[in-house]
Amino acid sequence: MLKLRIAYQGLRDGAGSDEDFDQLAAALNTGMIRSEQIDASLMEQFAPAMRAMLEADRRNGTHGSYGFTGQELIAVNVAVETYEILLRASTPHQMMNAAVTGAERMRQGHVLTLS
């Protein structure tokens, strides 16, 4: 969680790297998959954050740095906190399976519904 929080802080401050973005995006994706495995209603904690990440990526493409609006910061904060709760409540094996599932879905071109 410390590495994740450092990556997120860099992105919040506008100094985040592509690696920071990828780390946060992967964690949120894993959290979303793990939520789906536990209780689909938990996914609602991640959907706004995933939209915020897409916007931050768009900003980076346009302006050369990542950043979030106030509402996006709130959404990502909620998702990071939910991810930490899931991480503490899950076994390493369960989290690894969620990460593998998320990566496999991305390779297959599947995108989680964010609406």
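With hydrogens and angles disregarded, a donor-acceptor distance shorter than 3.5 Å links the side chain of Asp39 to the backbone of Ser41. Distance alone, capped at 3.5 Å, places no donor-acceptor pair between the Gln45 side chain and the Leu42 backbone. Here the side chain of Asp57 pairs no donor or acceptor atom with the backbone of Leu54 at under 3.5 angstrom. Of the possible donor and acceptor atoms, none in the side chain of Asn29 sits under 3.5 Å from a partner among the backbone N and O of Ala25.
Closest approach of Phe46 and Ser35 over heavy atoms only: CE1-OG, 3.1 Å. Minimum heavy-atom separation, Ser90 to Gln94: CA-OE1, 3.3 Å. Considering every non-hydrogen atom in both Ala75 and Ala49, the closest pair reads O-CB, 3.5 Å.
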Checking side-chain contact (heavy atoms from CB on, under 4.5 Å) for the pair Arg105/Ile33: CA distance, chi angles, key distance, verdict?
CA-CA 10 Å; Arg105 285 184 186 180; Ile33 296 292; 3.2 Å; yes
Start with the C-alpha distance between Arg88 and Glu81, add both sets of side-chain angles, then the distance that settles salt bridge (charged side-chain N to carboxylate O under 4.0 Å, His left out), and finish with yes or no.
CA-CA 11 Å; Arg88 293 180 189 280; Glu81 294 299 323; over 6 Å; no
What do the steps show when you test Leu86 against Gln37 for side-chain contact (heavy atoms from CB on, under 4.5 Å), and what is the final call?
CA-CA 11 Å; Leu86 290 169; Gln37 296 168 342; over 6 Å; no
Working note: Tyr83 + Met95, criterion side-chain contact (heavy atoms from CB on, under 4.5 Å); need CA distance, chi angles, decisive distance, verdict.
CA-CA 10 Å; Tyr83 175 81; Met95 293 303 287; 3.6 Å; yes
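Side-chain contact check for Ile6 versus Gln23: every heavy-atom pair is 4.5 Å or farther apart. Leu87 places none of its side-chain heavy atoms less than 4.5 Å from the side chain of Thr30. For the pair Asp20 and Gln9, the minimum side-chain heavy-atom distance is 4.5 Å or more.
By the rule that hydrophobic residues join a cluster once side-chain heavy atoms approach within less than 4.5 Å of another member, Met1 and Met32 end up as members of one cluster. Connection of Ile74 to Leu28 is not established within any shared hydrophobic cluster, with ILVMFWY side chains joined at heavy-atom distances below 4.5 Å, either directly or through further cluster members.
Taken to the nearest 0.5 Å, the CG atom of Leu11 stands 7.5 Å off from the CZ atom of Phe21. Distance check, rounded to the nearest 0.5 Å: CG of Leu24 to CZ of Arg12 gives 10.0 Å. The OG1 atom of Thr101 lies 8.5 Å from the CD atom of Glu36; values are rounded to the nearest 0.5 Å. Remark: Thr62 OG1 to Glu55 CD distance equals 9.0 Å, nearest 0.5 Å.
Taking a 6.0 Å sphere around CE of Met96, one finds it holds 12 or fewer heavy atoms contributed by other residues, nucleotides or ligands. Counting non-hydrogen atoms of neighbouring residues, nucleotides and ligands closer than 6.0 angstrom, the CD atom of Gln71 reaches no more than 12 such neighbours.
When each of Val78, Asn77, Val76 is tested with Val80 by the rule side-chain contact (heavy atoms from CB on, under 4.5 Å), just one qualifies, namely Val76.
Taking the six-membered ring for Trp and thresholds of 30 and 60 degrees, Tyr8 and Phe68 have ring planes more than 60 degrees apart, a perpendicular arrangement.
Salt bridge annotation for Glu84-Arg34: absent, with no cationic side-chain nitrogen under 4.0 angstrom from a carboxylate oxygen.
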